[in-house]
2 protein chains.
Amino acid sequence: MSAVTAAAGGTEDVVDLVRTAIHQGEFVPNQRLVEADLSVQFGASRAAVRTALVQLAAEGLVERVQNRGARVRAVSLDEAIEISEVRMVVEGLCAAKAAERATDDDLAVLREIGSDMQAAVDRGDVFGYSELNRRLHATVRGVAGQKVAGDVLERLRGQNVRHQFRLALLPGRASVSLPQHLEIVDAICARDPRRAESAMRAHLASVIETLPQVASGPGR
Amino acid sequence: MSAVTAAAGGTEDVVDLVRTAIHQGEFVPNQRLVEADLSVQFGASRAAVRTALVQLAAEGLVERVQNRGARVRAVSLDEAIEISEVRMVVEGLCAAKAAERATDDDLAVLREIGSDMQAAVDRGDVFGYSELNRRLHATVRGVAGQKVAGDVLERLRGQNVRHQFRLALLPGRASVSLPQHLEIVDAICARDPRRAESAMRAHLASVIETLPQVASGPGR
DNA sequence: GGCGCAAGTATTGTTGACAATTTCGTCGCA
DNA sequence: TGCGACGAAATTGTCAACAATACTTGCGCC
């Protein structure tokens, strides 16, 4: 019962509340999302909750079946792999575009993230590294300036956040991914689109290979 | 008043009706979609229409702003290019997977589509070629067996259908794309993932190059 | 004890009315 | 004539009640 019980009448707020609740594990996969319960929990009308659920279903975060209500969608290992495969090629595209379009300021930001990552690994800061990882990918997406690709990736990331999080906790994971991340930064700084794309794809291919280990690993 | 005025109470039906209305040009870009109007036109309750609009907004087909209603989303040329760039890499992924997983029956289907395309070009059947084009891409997606990639592509295709359609009408377009399509079929039949991916990407790169011509071309 | 069956409960789907907001036209005034 | 305030119309957002559907529990029967 440590739930976020803040009152939020607006329908748009409910979407955010439910989304973050799912992302933070407050709502676990396959958990039923009863409209009436959510409406009292969030202090919103049932109609607002209902609208929010429709929207989240379209986002792929919840599943809705006729007359049977909504539940948190569970993504299987196979689906997590498929998601990462799509991410691989789309982030590859973004990396290539980023290498083409990056300004000198962009490159400075990327280099700083790279050295911060190195530092985080050196001092064994798993959580800090995970956050930097998120920021690196987000920065590449931003520099690429591809709105459509960004939307697709954001959507996919939302569905996959649980697997992503567990991946970061895997012991020794950082020492594997750090050189890959640095290679991505280097390639973009060299303004070499093809090298940037293949570096990003190699990195995500490595993620995909590691996913099966995480399925039966920590956090479950 | 040639509008689709069929009565459809269910909320799920309304989504389909509005979607096809947009795809077929019944509703043009930037046209306002007033809830009350749609509810009488489709014989559904306003709530059903409202729900449908929320869902279509999540699909990216309509735009909704607070207290200002919904309108058909217009995709600019720049955005159409971005969409096609994402399609390029994701369909490339599907082509590679299809080359890996295709059964002999799958290959027979692909070869038949290829020869039908050749025949359609030979007799100057633009519309038939366009339909075969759609079927080829759909078949590749199906053979790849990538549900996530398929969903992403379906979503993107929905937003782009207008540009796609005008592209097909461009004179001489078929003679450019036919050999590209045949190369895709060949590569998959040779079960060569990398060749299939690069063939698909080359094809869509060609589409992207042609898009600017279509923006000020026929149909407008 | 297991299995169909029926009543009761829980939950979603739908409807209509009302409130809040935006948009558009009109009037007065400089 | 131009411009800003004001008010009416149009439209969306919200709510509570009702109807329809799925789930559960308890009972009789084999």
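Naming: A, B, ... by sequence-line order, numbering from 1 per chain. None of the values given here were measured: they were computed from a predicted structure.
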Should the heavy atoms of other residues, nucleotides or ligands under 6.0 Å from CD of E112(A) be counted, would the total exceed 12? no

List the residues meeting side-chain hydrogen bond (donor to acceptor under 3.5 Å, both in side chains) with D104(B), not counting sequence neighbours, and say none if there are none. R191(B)

Please, which pairs that meet side chain to side chain donor-acceptor pair (under 3.5 Å) have at least one residue in residues 74-83 of chain A, sequence neighbours excluded? R73(A)-E79(A)

Here the residues of residues 57-74 of chain B within 4.0 Å heavy-atom distance, strictly under, of DNA chain D are R64(B), Q66(B), N67(B), G69(B)

Describe the nucleic acid contact of L33(B) in one word from base, sugar-phosphate, nothing, applying a heavy-atom distance below 4.0 Å. sugar-phosphate

Double-helix bend of the helix from dG1(C)-dC30(D) to dA30(C)-dT1(D), axes at both ends from 5 pairs, round to 10°, gives 10°

Whole angstroms only, please: what is the CZ-C1' distance between R32(A) and dT24(D)? 12 Å

Atom CG of D37(B) to atom C1' of dT11(D): distance rounded to whole Å? 10 Å

Tell me yes or no: between the side chains of N133(A) and S130(A), is some donor less than 3.5 Å from an acceptor? no

Please tell me whether R50(B) and Q55(B) have a donor and an acceptor in their side chains that are separated by less than 3.5 angstrom. no

Would you please name every residue forming a side chain to side chain contact (heavy atoms under 4.5 Å, CB included) with S177(A), sequence neighbours left out? Y129(A), R173(A), Q180(A), H181(A), H203(A)

Any salt bridge (charged side-chain N to carboxylate O under 4.0 Å, His left out) involving residues 53-72 of chain B? Give me the pairs, sequence neighbours left out, ordered by first then second residue. R19(B)-E59(B)

Can you check whether T103(A) reaches V143(A) side chain to side chain, under 4.5 Å on heavy atoms? no

N or O in side chain of S45(B) less than 4.0 angstrom from dT14(C) OP1/OP2: no

State whether R50(A) places a side-chain N or O below 4.0 Å from either non-bridging phosphate oxygen (OP1 or OP2) of dG13(C). yes

